[in-house]
Trainee: 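Before we start, here is the structure in question, set down as structure tokens.
Nothing here was measured: the structure is a model prediction, and the numbers come from that model. Note: hydrogens, waters and symmetry copies are ignored here, and every other heavy atom, side chains too, is used. In what follows, every chain begins at residue 1, and chains take the letters A, B, ... in the order their sequences are listed.
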Amino acid sequence: MPSAAVIVDVPTMQTNFPYSYAIPPELQAQLQPGMRVVVPFGSGNRQVEGFVVGLQDDDSKHQADDLKPITRLMDLTPVVNQELLALSDWLSQRTYSFRISCLLTMLPNVMKAKYQTTVAPVPPVQNQWLAKVFADQQELPLDQAHFTNREVARLTELRNQGQVQVHYHVKNQAKRKTEVAVVNQITDFSRCAAEIRKNATGQQALLRQLEQQPKTPLRQRELTKVPGISAAVIKTFADRGWVRKVTVEQYRNPYDQPRHPDQPQPLTPDQQRAVTPINKAIRDQQSTVFLLEGVTGSGKTEVYLQTIQQALDQDEQALMLVPEIALTPQMVTRVKNRFGDQVAILHSGLSNGEKYDEWRRINAGAAQVVVGARSAVFAPLPKVGLIILDEEHDPSYKQSDNPRYHTRDVAIWRAQYHHCPVVLGSATPSLESRARAEKGRYQLLRLPHRINQQQLPAIQIVDMTASSERYGDLVSQELVTAIQSTLTRKEQVVLLLNRRGFSSFMLCRDCGYVLKCPHCDISLTMHLDSQTMKCHYCGFETAIPNECPQCHSRHIRYFGTGTEKAEQQLQRLIPKARILRMDVDTTRKKGAHQRILSQFGDQQADILLGTQMIAKGLDFPNVTLVGVLNADTGLDLPDFRASERTFDLLTQVAGRAGRAEKAGQVIIQTFNPQHYAIQLAQQQDYEAFFRKEMQIRHLAGYSPYYFTAQITVSALVEKDAAQESYRILQLLQQNLAQTTEVLGPTPNPIARIKNRYYYQIIIKYKHDEQLAPTLTRVQAISQKEVRKGLRIAIDSDPVNFM
DNA sequence: AGCACGCCGACT
DNA sequence: GTCGGCGTGCTC
């Protein structure tokens, strides 16, 4: 008796394995691994979504007759292929998360089922209350909106008496749109042409269209755009049997822009030295990992495009991952211009429906190139020939909630599966990747020169501890002068200030009170445009006080400068400058990103002032000055990667200057002018930074010399989080190897967020056989404790310690 | 997650 | 004595 192995949508430790279900005879022919099904689960036979991960001919553990049958199919074809099924298994072990969570993150959001429980009275209805509640309704949803807890208890009682029935509904949210298309049935076009009257221009036009593309279904909506072709013309053809009407899936096209086809550009010798080995690996089906270390402006993108072409030439597909695609519309345009409609785009800026459409195009084999952010690494391409991870050091490649995967790891796994190379590209590779290249595990390719012999911009450091008072603490005289002369030359300026809002905290000068978020251990930031004090962690907002909430003194002051205040001050210093501000607050609305950038690109502003979102990938030829208002914001964070992040950010933003024929200039303002991260960013010497930082990591015993794992415990009561973390500490100490070091528990740098108290434990290890089984035990414990409001998060390779 | 079973305190 | 509180275990 055949049965199906099903992973059910019940994310718990105790259900984290496949359950066997009987396959009803009518489903036996259709059912395949990778399809979603609805299955009865638990005592009430409540209906849940599940993924078929395998089929068995007989089941030794269970007699066929004690298996429950699959209720129904949710898909007609598999939504997870064999590769991704295997990947989900590896991923769940690697990240200590549930298999169902892994499967669901590989798919667009809309494919997660929605559940609804309803209740219906069983006729004849005798109970008066029941009759009154239901009146003429057949059934009602069993939720808070319809029934109070007391009423639910009453319903339970009536159900036990058989007067009420409970129904479980599983709703597939994914709705596909269809449209009408016609398929050509003509074989002899000249004979048909003879049959059409000379003055029937519409019919002639349609015939020409069919002749051009006799094999593909043509969408009616597109066809009727052709002059002369109308619905009536199409109907005439259908009546004659010349075309057949079919319905095809309709896809929303999120980047429906006119295309300017471009051709491969001639390569510099550097680029050629990179392209050759990558293309060879693609041809030879080698799963080599290349680290492409190229300074900003060295032409990495052209290397990507020409290697993608190699994969396409072999009838294979290419996957290109970028940090957050909304930030680099220029990159999307370049790829689309080169490869046209075979490109699919997946990123967080798309609506759920748009993501689903792009995903289906990929799954149907209609896309050959996928460009996308983190989750696009799961794009269901059947035969991958190349995977590119641009800006491979970017922290957004790490998912911060379950499953806590790193895109780089998944990319490498998939490359091994497909026997294809991975290209990790960056101007400032992560220390981990660069170290692997050093050891020969990755193959290092370097692009040390900018294309067209452009000079790297000259970088000047301004020591803000010695800055003149006249200009305040925000902008130095050097920067103001440089901005002014840039504007006189009719060139543009990019300014980075990695802090949003107006002022970062409010302080009472009489009693020393600092206004904090009531839900988090963090001071509230003042925002002038919304006239509120905001918490950047939980979103709490309150009015701006005009007296101290504690002592009612009116001597309150606001300290710290964010982008809002910087904009105001700059405007005062340079009244004629047209300033555009770009941060989370000005880009919240859909498309705002693009609008600000194109305004700046069209020279409608002189200065683009923003947070780190302006550091990446922007390419404006008229920008000749880049200023960093405060290089220190990230430097003193309690994170061993603080220097690396600062170096990356400064290098990245400096690269925005002088990208065309005009020379660029960069001014970095800092209170730590001697710090090596800032010094070496000034020299734009990544290799020197790498060596220096490696020494420091070696001494401190951090990545890449040691692996790290992190356990975070949180609870509503601080004592609970602390106690539990000490219990886990004990478990770790009793089980882990002697050489493994366990740090903590310590309260998180921000000890409370959204009313939860956080404690963390850091594990540093080199080789520890016991680590995986021990963390699995921690995972099991977390399952039990979750009922008491405790949450335990395991991160097998954290990138962020805040 | 949701449901049943089972063991302790407040009530008709 | 029973009703119902929620702590614990199980779901093919």
Trainee: Expressed in angstrom and rounded to an integer, what is the separation of N16(A) atom CG from dT11(C) atom C1'?
Mentor: 14 Å
Trainee: How close or far is atom C1' of dG7(C) from atom NZ of K788(A), stated in whole angstroms?
Mentor: 9 Å
Trainee: Checking side chain to side chain contact (heavy atoms under 4.5 Å, CB included) for the pair V166(A)/T118(A): CA distance, chi angles, key distance, verdict?
Mentor: CA-CA 6 Å; V166(A) 178; T118(A) 59; over 6 Å; no
Trainee: Can you pull out every side-chain hydrogen bond (donor to acceptor under 3.5 Å, both in side chains) where at least one residue sits in residues 97-109 of chain A? Sequence neighbours excluded, please.
Mentor: S88(A)-R99(A), T95(A)-S97(A)
Trainee: So, do Y405(A) and F378(A) have ring centers that fall under 6.0 Å from each other?
Mentor: yes
Trainee: Between dG2(B) atom C1' and D9(A) atom CG, what is the distance in whole Å?
Mentor: 13 Å
Trainee: Cation-pi between R360(A) and Y356(A): NZ/CZ under 6.0 Å from ring centre and within 45° of the ring axis?
Mentor: yes
Trainee: Once you round it to whole Å, what is the distance between P of dC10(C) and CD of Q14(A)?
Mentor: 9 Å
Trainee: Starting from P on dC10(C), measure out to CZ on F41(A) and report it in whole angstrom.
Mentor: 13 Å
Trainee: Whole-Å distance between dC10(C) P and M13(A) CE?
Mentor: 15 Å
Trainee: Determine whether the aromatic ring centres of residues F41(A) and Y19(A) are separated by less than 6.0 angstrom.
Mentor: yes
Trainee: NZ of K68(A) versus P of dT11(C): gap in Å, rounded?
Mentor: 9 Å
Trainee: Identify the two heavy atoms, one from R36(A) and one from N172(A), that lie closest to each other, and give their separation to 0.1 Å.
Mentor: NH2-ND2, 3.1 Å
Trainee: Taking OH from Y19(A) and C1' from dG2(B), how many angstroms apart are they, rounded to a whole number?
Mentor: 13 Å
Trainee: At under 4.0 Å between heavy atoms, which parts of nucleotides 3-8 of chain B does protein reach? Answer with one letter per nucleotide, 5' to 3': B base, S sugar-phosphate only, - none.
Mentor: SS----
